[in-house]
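Each chain gets a letter, A, B and so on, in the order its sequence line appears, and its residues count up from 1. Nothing here was measured: the structure is a model prediction, and the numbers come from that model.
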Amino acid sequence: MTSRFVRPDTKTLTLANGDTLLVKRRMNHGEQRDAFLRMRSNAVNAVDAMIVAYLLDWSLTDDDGRPIVIRDRPADEVQASLDNLDPDDFQEIKRAIEDHETAVMAERDAEKKQQGGEKESSATSPSPDAVAGATSGSET
Amino acid sequence: MLTGVVGYVKWRYYTAAAINGYAVTPAAGGRFALVATVVLDDAFKMAQTPLTFVAKHAKGEWRWPIQTLTFDRDHHQLTATLGPLEGTGHL
């Protein structure tokens, strides 16, 4: 039976210049809720909330070649790093994560359709009436 | 013995527990014994595998796979058997 819980799987996305993003494959209910709460309480827009929610790590460095650490950092710190990106680079990261989310949702839809198809076509045991004969009614 | 303050029990990228105070001691067979005080935990994630104990230090972190774990939630005490130190880290 397929688990209903989200596994903490990850995926590495590669940007045009070879930089990489490590993202969650999927978000669970709690992460979606927390992203929504960040939007409401911190006036963060939906795009930023989505990126921060998915992003686990990256290979980006500053002008001196020092890694900009976001791994295991609080959401506000990750947001601060995103806020200091060149706008075009931010858009590239945004597109990469949006494309990833779209692809994973499509995979999930396909899995669900396949599971639904298997349930419809699985053999069912015959009803008791078919086996033993109907027992309702009385003989006269 | 290695002692420290900040540590985590991780389930992949999730934090299953936050630790404030721990001690790691060598045990037989290349393993280690962990005793720690848990300040925050996610019961669901603590029940998953694989779990890793992560100890932060000034230049990074040490990571051990958790092989067995006992958590006394009432007293915030965690004891565990850890496997060999991961990666190329040294204590």
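- A:Ile93 and A:Leu56 end up in different hydrophobic clusters when Ile, Leu, Val, Met, Phe, Trp and Tyr side chains are linked at under 4.5 Å.
- Note that CZ of B:Arg12 and CZ of A:Arg25 are 12.5 Å apart. Values are rounded to the nearest 0.5 Å.
- For the residue pair A:Asp9 / B:Tyr13, no side-chain donor-acceptor distance below 3.5 Å is found, with atom types taken as modelled.
- If you chain together hydrophobic residues whose side chains sit under 4.5 Å apart, A:Leu22 and A:Leu55 never meet in one group.
- Other residues, nucleotides and ligands contribute only 12 or fewer heavy atoms inside 6.0 Å of the CZ atom of A:Phe36.
- Contact annotation: the side chain of B:Lys56 approaches that of A:Asp72 to within less than 4.5 Å [non-hydrogen atoms, C-beta and beyond].
- One finds the OH atom of B:Tyr14 at 10.5 Å from the CZ atom of A:Arg7 (value rounded to the nearest 0.5 Å).
- Crowding of B:Lys45 atom NZ: a count of heavy atoms from other residues, nucleotides or ligands under 6.0 Å exceeding 12.
- Around the CG atom of A:Asp64, the shell of radius 6.0 Å holds more than 12 heavy atoms that belong to other residues, nucleotides or ligands.
- At a 4.5 Å heavy-atom cutoff, B:Tyr8 makes no contact with chain A through either its backbone or its side chain.
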